Structure formats: structure tokens, C-alpha cells
Amino acid sequence: MASISASVGSGGVNKTADVLTVEKLLNQYLDAEGEAPLKADGVVDIDTILTIQNYQRDVVGIASPDGKVDPGGRTWQALDSGQGMKPPLSGASWWQANQAKYPNSDKIADLEKPFRDNVTKFIQAMKDGGASVTVAATRRNETRAKLMHYCWKVSKGQLAPDKVPAIPGVRIQWDHGNLAKSKKGAQEMSDLFGLAYEPSLTSLHIKGLAIDMTIGWTSTLKIKDATGKTQELAAPRSGESNTKLHAIGAGYKVVKLVSDPPHWSVDGR
């Protein structure tokens, strides 16, 4: 249960911490209504007051709303108890409704310089030499990375569901008050994300310094290295396992992580 120490809204005391608490609850109401959220900045403005009035009228049933939330008053009790608010989604339901809001990129243009330029040169050299190159991922959405990380942690019992830190802009229920149910929801998300390893919160993908790509060729690949010298590469005809190609990539400052088949990065991590 939350609390406020003084009134918030029209003519209220409007302490910053209290305003932030009310804004958070009002945004849950707006989310349930399919409306855009308030700017949660701890400042009462006309949008805050109008939203309080609408909540008082539509949910609390106050015929003449005053746009103010008083500690212990009817409006506060309704907000604090969640009236007019849909409970946050979790597990597969959350994933299906929301994960598309946090897409990863497969565009080389989204990588950071100078790694972006080095990748561009390396890929062009491979293509000029006759290789096929398919890019699966470049920059990873930071919010998506956090969701992946925490659903893995909760599903494996490595983090208590009530200890998952808030993720800005994400309304999700991790803790169901029942550990088995909480882990089940997290496992559903982990499965839908297709996780096989624990996702990192410090991945070079988040920083735009890594790329996942599948590389292959037939016959002999004739590729120019970073010095401009042509190198001939035969079997194995795969970017995953050809150590000569790995060495050429390193010359372009695109370094292979051997333990992760498609992964290349600025430093091999």
C-alpha cells in the first residue's frame, strides 16, 4: 500500500514525492483506459488536475470533482486500492501484448562508430569475395534486455520476484504472492524470448558494439584482408568455425566470439 503525506492536485500542498505517487497511480488508470500517460515529473499541471477530476467522476462517482487527492479521502482510497485499474499483465500475456514495443535492431546503421564502419568494411569484403552474409541482430533494446534478464533470473529461482527492480515505462507483474506461480510466468516469458543462456545487462549488443551474423560460402572464398591483401579460404565454409576468417575479421577490428556461433564484437565478448 502506498501513502501520501499531504494533498495533491488543485489547491493542494503538492509535495514532489506525493505528486509522483499520485501520478504513478493515475497512469495505471490511464493505461486501463487506453489513454496516454501523464508526464511523471512530480509537478501538478492542468493535465494532472483534469485526470484527477476524470477519475473522481468516472471511478469514485463524485458528481462535482474538485481535482484534489487528500490523504485518507475517498479519491485516495480508490486510487490506493486500484479501483478503475486493470491489474498488470504477466508471463505470456504480457509478452504477447507488449514485447513488440521493445524491438531489437538488425541494422548496421544502428551500431556505434567506429565499430559500425569496421563491420561495414568487413561485410563488404566478404560479399565481394563470394560469401553470403545474413545479419540477425545489431543493437539490442535496453528495456528488452532487462526484461529478458529478469525473467531468466526469476524463472531459475536466482532472484525473488518481489526483488525485481522497476523498469521505467514497463507495467508488469512479476510477483504473484506465490513463488511457483511467479516462476511459471517468468518461464513463459523466457520461453517466448527463446532464451538458452542468461541475458546480460551489460551486453555489447546494448551498446551497439556487437553483431550477430551468419556467414557461408561455396568453393573458395577470396577475401581482401584489412591490409588489402587477398586471402583464399576453403573449408570449413562457415563464419562460425573458420579460424582464418576470424583472424581476418580481427584485422578489421570485428572479433569473433567462438563460443557463440553468430556473434562478433568490438573485442570478442
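Keep in mind the model is a prediction, meaning the values are calculated, not measured. These numbers come from the heavy atoms of this one structure, side chains and all, not from hydrogens, waters or symmetry mates. By convention here, the first residue in the shown sequence is residue 1.
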Work out which heavy atom in E198 is nearest to a heavy atom in W152; give both atom names and the distance.
CB-NE1, 3.3 Å

Which heavy atom of T230 sits nearest to which heavy atom of K224, and what is that distance?
OG1-CG, 3.7 Å

Are the side chain of S105 and the backbone of T138 linked by a donor-acceptor contact shorter than 3.5 Å?
no

Return yes if some donor-acceptor pair links the side-chain N/O of D70 with the main-chain N/O of S7 below 3.5 Å, else return no.
no

Between the main-chain N or O of D175 and the side-chain N or O of K181, is there a donor-acceptor pair closer than 3.5 Å?
no

Is there a donor-acceptor pair under 3.5 Å between the side chain of E232 and the backbone N or O of K222?
no

I'd like to know if the side chain of E23 pairs up with that of N27 as donor and acceptor (distance under 3.5 Å, no hydrogens or angles considered).
no

Enclosure of R269 CZ (heavy-atom neighbours >12, cutoff 6.0 Å):
no

Y55 (side chain) donor-acceptor with A78 (main chain) under 3.5 angstrom
yes

Is a side-chain donor or acceptor of H149 paired with a backbone partner of R144 at a separation under 3.5 angstrom?
no

State whether D117 and K113 are salt-bridged, where the test is any N-O pair (Lys NZ or Arg NE/NH1/NH2 against Asp/Glu carboxylate O) under 4.0 Å.
yes

Under 3.5 Å, side chain of S182 to main-chain N/O of H176, donor-acceptor pair present?
yes

Heavy-atom pair with the smallest gap, counting every atom of A125 and Y252
CB-OH, 3.4 Å

Is the side chain of E188 donor-acceptor paired with the backbone N or O of G91 at a distance under 3.5 Å, no angle test?
no

How about E142: does its CD atom have over 12 heavy atoms from other parts shown lying under 6.0 Å from it?
no

Test applied, side chain to side chain contact (heavy atoms under 4.5 Å, CB included); reference residue, T75; option that passes from Q83, K68, Q56
Q56

If we ignore hydrogens and angles and just use 3.5 Å, is the side chain of N141 paired with the main-chain N or O of N104 as donor and acceptor?
no

Donor-acceptor contact below 3.5 Å, side chain R140 vs main chain A145:
no

Testing the basics here: between S265 and G268, what is the closest heavy-atom pair and its distance to 0.1 Å?
OG-N, 2.7 Å

